[in-house]
Amino acid sequence: MAQHLDTLKEIASSFSAAYVKTPTKLKILDAFSVCALATAVLQFVYAKLVGTFPFNAFLAGFFCCVGTFVLTLSLRMKVAEHGGKPTAAKEFGGYALAMLTLFIAAVNYIG
Amino acid sequence: MARLAAALAAAMLLAGVALAAEQQKVLVLLDSPSLESSHSAFLAGLRSRGYALEVRPIDDKSLQLKSWDEWLYDKLVILGSSKALGGAIDAAQVVQFVDEGRDVLLAVDSDVSEELRSLAQDLGVDIDSRGNAVIDHFGYDSHVGAQDHAAVLADNFVKSAAVLPKALSTPVLFRGIGLSVAAESETAFLALAGSPTAYCGKPGAAMTDAKLAGPELGLVALVQMRNNARVAVAGSLHMFSDAAFQAEATARNDRVLGRASNEAFCTAISKWAFQEQGVLRASQLSHRVLAGAHPGAVKPERYRVNDDVEFSVVIQECADGGCKPYTAEDVQVELVMLDPYIRTSLKHDGQGRFATQVKVPDVYGVFKWVLEYRRLGYSFIELTETVPIRPFKHNEYERFIVQAYPYYASCASMMAGFLAVGAFFLYTKA
Amino acid sequence: MRVCLAALLLLAAIGGCAAEADDKRIARLQALARRGGGLIELDAGTFQELLVGKSRPYSVFIVADAKDLRSDPKLRLVPLVSDFKLVAKAFAATNAGKPAAGQAFFARMEFSRAQNLFGRMSIKALPYLARIPPGLAITEGGAVSVPAEEVLSTGGYPWGPERIAEFVGERTGLAVGEVKHAPLISPRLMPLVSLAVLACIVFVGYKLYYAPFMRHQALYAVGALCVYWFSVSGGMFNIIRGVPLVGFDHRKRQAMLFMPGQGQLGAEGFIMGSLYTTVGLSVAALITLVPKIKDSGAQRVAAYAILLVAFMAYRMVTSNHVWKTGMSPHWYLF
Amino acid sequence: MAGPAETAGQTAQHKAYGNVLTGFALLCICVLASSVRLFSVIKYESVIHEFDPYFNYRVTRFLSEKGFYETWDFFDSFTWYPLGRVVGGTMYPGLIFTAGTIWNVLQKLNIPIHVQEVCVFTAPLFSAFCAIATYLFMKEVRGQGAGLASAAIIAVVPSYISRSVAGSYDLEAVAIFALVFVFYLYVKTLNTGSLAWATALFFGYLYMVASWGGYSFIANLLPIHCLACIVFGRVSSRLYIAYAPWVILGALAAANIPVIGFNAVLMSEHMASFFVFGLLHAALAIEYIRDMLPPRAYSAAKKLVLTFGTTALAVVLALVVSYVAASPTFGWTGRSLSLLDPTYASKYIPIIASVSEHQPPSWSSYFTDLHIASLLAPAGLLLCFRPLTDASMFLLLYGVTAVYFSGVMVRLMLVLAPAACCLAGLALSEVTSYLSASLVAAQRAQAGAGDAEKKAKAPSETDGSAAGKKDKAAGSSAAAAAKQAAKKAAKKGGSGGGPLGWVSGPWKPVPKDVAIVGLVLVFLGLSMFYRHSVYVAGEMYSAPSIVLQSRRADGGVKVFDDFREAYAWLSHNTDPDAKVASWWDYGYQTTAMANRTVIVDNNTWNNTHIATVGRAMASPERKAWQIFRSLDVEYVFVVFGGFIGYPSDDINKFLWMVRIGGGVFPEIKEPHYLGADGNYRVDEQAGKALVDSLMYKLSYYRFADCGPMFGAQRGFDRVRNAVIAKQDFELKYFEEVFTSEHWMMRIYRVLDKPNRDARLRNPRRAKLGRRAPSKRRQPSGAPSK
């Protein structure tokens with residue numbers, strides 16, 4: 001048990017050490033995706049508590065968050081692959097497009 | 001179907017108007033010319049009620065009921081006996097006459113011809129076999145029926161205000177043949193039935209078991225066809241005669257009961273048969289949405305589920321040429337799709353307008369308002385109106401449910417986050 | 001009173017000595033049945049042994065079977081016989097050691113081996129399952145007239161073991177006991193079982209994931225080809241319609257591989273499927289293998305051989321197809 | 001992809017040539033694809049075909065009148081009386097909206113064209129699009145050559161023609177295009193890994209979902225592919241971008257289509273995608289960590305992740321399984337369940353099994369429907385492995401799954417068709433390119449020295465000249481393929497990832513003669529294929545089962561137009577809101593052509609209701625009369641072929657009515673309708689229940705009296721080839737009102753309740769003596785002297 005814990009510690013420490021090196025942009029994206037995921041989880045819990053009455057609303061909200069998470073993550077990957085600035089903007093264009101569609105779909109479905 | 005019902009109502013309305021305005025033609029067929037004098041009172045009664053009588057012998061060669069495709073007469077009275085129908089008339093044509101909504105009064109006596117019996121049978125009344133007579137060894141009239149007990153005093157009247165508006169105090173003097181109607185018949189009923197001791201058999205001959213006896217033994221039967229045409233079948237000619245109208249009813253032990261109520265009774269049944277009594281007219285069937293998709297829409301093309309709707313119809317009772325609002329508590333309407341989803345009784349406001357308010361079920365489909373009202377002696381009312389019920393449209397569902405606010409919020413937050421991140425992402429150099 | 005008593009005793013005595021002979025017979029038959037796995041195989045000898053006689057102290061249940069018709073999907077002879085066997089086993093199990101064990105025997109007669117018996121019992125149609133009541137007198141070579149109520153009505157066929165057991169029960173009044181099926185999973189267990197299965201799948205998948213041979217693409221190529229071959233040859237058709245692998249031509253009294261008209265036979269389908277795949281494979285070979293051959297002569301020969309194979313296979317497919325569907329394509333436009 | 005060796009100019013030139021040639025070929029293919037489907041219009045006329053298209057046509061008409069929103073909420077009170085049908089919520093709007101949009105656009109352009117024409121010609125149009133989509137798809141997978149070849153094949157592949165001839169206005173007409181297009185977008189996204197394409201994928205998928213129930217095939221195929229990629233360690237950001245957004249957006253898209261709604265997340269068909277979704281994330285997490293952590297920590301972390309992952313997996317599985325096991329059909333719709341367990345439908349759902357296109361195909365139907373594609377496909381399967389890219393792996397999986405499913409249901413042959421065509425096209429292009437390339441090599445050997453230029457040009461010329469003789473599409477495809485080959489060859493065995501696997505590594509061209517023979521054979525095979533397809537398109541698949549043709553002995557054509565005759569009669573001679581009952585096959589046609597309310601129709605969503613009609617048809621006359629009265633039915637019609645020998649009539653469908661009816665109402669028992677010998681027959685040995693049934697009576701009423709037909713004996717049924725059991729009988733509760741010219745359609749009126757209760761059972765009735773004969777009257781009503 002104990003060594004499990006310190007392996008965990010070690011992992012965490014080395015991870016954070018490695019993570020510090022990642023550029024800010026990626027950090028932001030990570031933060032955004034993480035909070036999106038958190039929102040999704042919250043909604044899930046909420047739905048489990050309150051009951052899934054407006055099921056479509058729940059689905060829309062949930063998928064909206066998960067979608068945001070996914071898209072943000074993919075954008076992060078692209079950016080991480082080639083940290084080159086010029087492509088980043090182009091990538092972001094696609095990202096924005098996708099996000100827009102996502103939002104439209106979600107709002108259309110939410111009620 | 002609804003259209004048909006409406007048309008029917010309209011037709012009846014017209015008939016009523018006509019009754020007041022120009023005279024209706026009645027063909028009276030007599031078995032023998034002598035009947036015209038012996039039954040003058042009855043015929044006079046008809047004339048006085050505004051009918052144009054055309055009296056002809058039943059076996060007249062030139063008789064004609066319809067020429068080309070139109071009927072020459074509105075009503076038909078047959079005071080018949082042994083003779084066959086003459087001229088162009090036969091049982092089939094009379095049946096057709098009835099099927100096309102016209103009324104017949106048929107009176108026969110003991111030596112009735114087979115043709116008339118079959119006619120009666122086609123109309124739903126079975127006349128006992130020829131030669132039989134109604135006999136009552138206890139309830140005979142001691143004046144006219146003393147020797148053969150075949151002139152009976154019958155007071156087993158039908159309990160229906162539609163046929164007999166006011167109860168008759170004295171019995172009816174009846175000499176003739178017995179009738180019967182099928183038990184499960186929806187159309188025919190007995191207006192005058194035999195007393196418990198009456199039976200139908202050969203006068204003078206001893207009889208151990210009579211097929212027709214007691215209350216099943218009919219003396220006068222009334223038939224209301226599904227198209228509301230009416231037929232009265234009486235087993236006796238004598239009961240319509242002046243003599244009978246004048247007769248004093250005297251029971252077995254010479255107890256005088258007073259004037260026999262033949263006249264009143266015969267007038268009543270003839271009135272009933274000729275649509276002057278117990279006629280119900282439904283009109284102005286309407287239904288409207290009170291609360292729902294299109295509030296206030298009258299006779300909308302379709303409802304939406306859970307609409308509040310009002311169904312209303314005007315029913316009038318017509319008697320003696322005039323119509324007055326009908327009042328009854330037992331008029332019901334159903335909302336049917338395969339099975340009735342709603343069955344409720346209509347409330348009336350003394351003016352004959354029957355209405356009810358219901359919430360249509362939460363089921364979509366093609367529904368029908370069905371109003372079926374059949375009461376003894378009254379003309380049938382069958383109204384149906386088809387109204388589909390549609391589900392919610394995609395934009396009619398409830399919006400902004402409180403429970404769902406978190407979800408809305410999450411979406412909004414995502415958008416905000418997206419904008420923020422986007423802005424940052426694009427405008428930071430790093 | 002006393003007289004009857006005496007009579008009874010007398011009867012009992014007679015019955016007693018008759019019974020000894022029967023006991024031996026029953027013992028033999030039971031041994032026979034045990035050898036046959038619960039069923040007695042009827043032929044002239046066993047028929048003599050089992051049935052011939054004015055009466056028997058036991059009733060015999062006979063199921064009719066025919067080798068030629070086993071392939072007929074509608075008749076379901078094989079399951080019928082196995083069900084019958086199940087019932088026999090159940091009967092033996094429940095009445096083991098009891099005298100009832102010797103009061104009913106289960107026999108099967110197969111057409112090719114006991115042809116004349118079919119005639120004698122005047123069996124016209126299968127499926128046929130009947131009971132020979134103890135009282136029925138059977139002479140050697142004489143006709144066996146089984147009363148109608150002793151024959152299990154073909155209504156509601158296939159019967160299934162329960163029905164057969166019920167029949168046995170009501171005819172003999174002996175307890176058959178419940179028939180043991182092949183173990184089935186009750187729907188209530190379903191989730192657990194499927195969960196376990198899924199877990200296993202996950203585990204196996206995990207193992208396979210690291211297994212070296214999973215890296216060989218040839219494996220998957222072959223797999224894909226097999227699937228293709230299977231469905232192109234209408235394998236599903238065979239399964240769903242329960243088509244026999246080989247048909248039997250009753251006129252020519254010989255097995256036939258190809259069936260004219262609609263539908264297909266199992267073998268037919270697989271042959272055609274193989275032809276399909278042959279063409280494809282040879283084409284693939286032309287592209288993939290031939291270029292690898294160094295020597296040009298050998299290469300030429302190989303190439304020609306491959307082309308020939310492909311061409312022949314193609315020819316056969318087309319000709320068969322025309323024969324099957326009667327389609328005769330002609331140039332439409334010119 | 002300019003080769004390193006040459007100067008940019010020449011390559012540009014070659015590319016230009018190639019592109020022009022390709023574009024031209026593609027154009028030809030499109031023209032071919034849509035024109036080969038016009039036979040039906042030429043031979044018959046421009047009518048809607050068969051059954052389901054009539055419903056689509058009707059809704060499209062509604063759309064053209066009322067607009068999109070109304071259609072979205074279209075509640076149809078004309079079908080399934082009295083239940084009604086929420087059309088908007090139960091249909092796949094894709095096709096209808098497409099046609100509606102086309103129509104509207106044409107109207108905007110002041111092209112006054114009737115909706116029907118638009119509907120008729122939608123299918124050929126989209127088959128052309130489908131060819132293009134196929135080209136793009138294969139181009140992504142392998143390159144132009146393969147693309148053109150597949151396009152050339154799919155343009156005329158019979159199985160696709162069968163559902164997309166002009167006039168067969170059915171969902172599949174557009175759905176196949178959508179299917180292929182979605183695959184193209186997916187592969188495109190997979191190759192480029194750009195979010196823009198992912199968005200495009202979403203829209204494509206949205207269209208697919210809106211068009212056809214077959215979308216669930218995609219919804220399961222993509223996860224399978226993704227899973228395969230994970231298993232083979234091909235996880236990459238491109239895969240993630242192609243797959244993950246699709247899962248989420250796709251689910252939203254599906255949920256937005258009313259007919260799917262919540263099923264998008266509840267039905268088991270969609271579970272796989274979410275499951276793999278989770279798996280993908282796990283895999284990526286592992287990769288990510290590996291990058292981030294030093295190896296030692298990584299291994300520890302990996303253990304953690306794996307244990308965690310497996311447990312999570314187990315939990316999820318447990319949830320899914322419990323949910324699935326809870327629902328009776330394990331959460332699968334009957335149709336897809338019958339895919340997994342082929343024998344399911346035939347056992348439990350007669351209504352599915354009754355549809356002919358749900359039967360399994362035998363070997364011959366593969367050759368009929370795919371012809372050479374089914375022969376070349378295996379080669380394509382193999383070639384997918386050399387080299388095995390993500391894209392080719394996708395194609396491989398697509399082919400394998402599709403071929404399996406097609407084995408279960410004939411109709412899924414349609415899903416197989418594109419796969420087979422792509423595989424075949426792949427094989428074809430590689431064969432032609434190899435052979436032609438070796439031709440080039442041979443020529444070079446003759447010409448002696450030569451450099452890349454000649455190599456590159458020569459084949460295009462030689463083969464191009466060959467193409468002159470060849471059928472256009474095939475030829476040009478081969479030519480383009482050859483160009484490709486030449487380019488590759490010119491690259492001196494450049495990147496091994498190129499589409500032509502054999503280029504990499506040392507290869508030896510076959511001798512010239514072999515190459516020529518091979519090319520000739522290929523050409524022959526292709527031309528056979530074209531001959532077959534065109535023939536099939538003309539003869540088999542262009543008949544609009546509503547108008548029938550038959551060749552007379554003298555070669556003339558006889559047209560049977562009874563259906564439209566009868567429907568016209570209904571629409572002109574019956575009350576506008578009369579209810580018409582018939583077997584469900586004719587429901588759509590009745591509503592569309594006769595414009596009358598029907599009881600059941602081809603959208604078989606309510607088994608009980610259909611069973612009720614089946615029961616009525618199978619019951620004796622009086623019982624049937626009661627049933628029909630309770631449904632307010634005023635007219636009943638049956639389709640009867642015994643007069644002219646039209647085999648697919650109601651008597652032949654009757655057993656299905658009995659089965660479906662018996663499935664709900666146990667008093668209907670199939671054996672009673674079979675003859676003594678257990679066969680279904682209408683002659684003397686016919687089952688008693690059959691002879692008493694309403695269907696028999698309505699079909700054969702007055703049949704025997706219609707005169708000795710063509711010298712046959714009295715009451716001889718030309719379909720069953722038998723003299724019917726009961727020839728002369730009267731109808732008590734039904735009245736014949738119309739019988740079409742060839743007796744193919746017989747319409748009866750359900751009589752009302754009698755006006756009088758004459759002659760009810762009355763024990764007290766005295767017997768009637770002889771009745772007076774009714775008189776013969778002159779029309780005037782006066783007695784005749």
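Quick note on labels: first sequence line is chain A, next is B, and so on, each numbered from 1.
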Could you tell me which of C:S231, C:G234, C:A284 has the largest number of non-hydrogen atom pairs under 4.5 Å with chain D? C:S231

side-chain contact (heavy atoms from CB on, under 4.5 Å) between C:M236 and D:Y404: does it pass, once the steps are laid out? CA-CA 9 Å; C:M236 279 304 173; D:Y404 166 74; 3.2 Å; yes

Working to the nearest 0.5 angstrom, can you tell me the gap between D:F367 CZ and C:T325 OG1? 9.5 Å

Heavy-atom pairs under 4.5 Å with chain C are the metric here; pick the option from D:D513, D:L416, D:L521 that has the most. D:D513

Between C:V227 and D:T401, does the side-chain contact (heavy atoms from CB on, under 4.5 Å) criterion hold? Intermediate values first, please. CA-CA 9 Å; C:V227 173; D:T401 44; over 6 Å; no

If you take all heavy atoms of C:Q299 and D:V510, which pair is closest and at what distance? OE1-CA, 3.7 Å

Among D:S362, D:P361, D:S365, D:S364, whose side chain to side chain contact (heavy atoms under 4.5 Å, CB included) with C:Q264 holds? D:S362

Might you point out which heavy atoms bring D:P511 and C:S296 nearest each other, and give the distance in Å? CG-O, 4.4 Å

In this structure, CE of D:M528 is separated from OH of C:Y314 (nearest 0.5 Å) by 6.0 Å

side-chain contact (heavy atoms from CB on, under 4.5 Å), that's the test. Do D:L383 and C:T288 meet it? Break it down for me. CA-CA 8 Å; D:L383 290 172; C:T288 52; 4.2 Å; yes

D:A373 versus chain C, the contacting section by heavy-atom distance below 4.5 Å: backbone

What part of C:I306 is in contact with chain D, defined as an atom under 4.5 angstrom from a non-hydrogen atom: side chain, backbone, both or neither? neither

Hey, which of D:V536, D:L397, D:L524, D:V517 has the most heavy atom pairs under 4.5 Å with chain C? D:V517

Report which part of D:T368 has an atom under 4.5 Å of a heavy atom belonging to chain C: side chain, backbone, both, or neither. both

Closest contact, heavy atoms only, C:G280 versus D:A379: O-CB, 3.2 Å

Can you tell me which portion of D:L381 sits under 4.5 Å from chain C's heavy atoms? Options are side chain, backbone, both or neither. side chain

Which residue out of D:G407, D:G380, D:G525, D:P378 racks up the most heavy-atom pairs below 4.5 Å with chain C? D:P378

Using heavy-atom distances under 4.5 Å, tell me whether D:L227 contacts chain C through its side chain, its backbone, both, or neither. neither

I need the D:L375 CG to C:L275 CG distance, nearest 0.5 Å. 9.5 Å

Nearest atoms (heavy-atom pairs only) where D:L396 meets C:A224: CD1-CB, 4.5 Å

Under a 4.5 Å heavy-atom cut-off, does chain D meet the side chain of C:N320, its backbone, both or neither? both

What verdict does the side-chain contact (heavy atoms from CB on, under 4.5 Å) test give for D:Y434 and C:V290, after you've listed the backbone C-alpha separation in whole Å, the side-chain angles of each residue and the deciding distance to 0.1 Å? CA-CA 10 Å; D:Y434 172 55; C:V290 170; 3.9 Å; yes

Is the number of heavy atoms from other residues, nucleotides or ligands within 6.0 Å of CZ (C:F311) greater than 12? no

Within the side chain of C:Y276, is there an N or O that forms a donor-acceptor pair under 3.5 Å with the backbone of D:W363? yes

Under 4.5 Å from any heavy atom of chain D, what part of C:S282 do you find: side chain, backbone, both or neither? neither

Determine, using ring centers only, whether C:Y228 and D:Y366 are less than 6.0 Å apart. no

Between the CG atom in C:L225 and the CG atom in D:L382, the distance rounded to the nearest 0.5 Å is 4.5 Å

What residue among C:V283, C:I287, C:L286 forms side chain to side chain contact (heavy atoms under 4.5 Å, CB included) with D:E430? C:I287

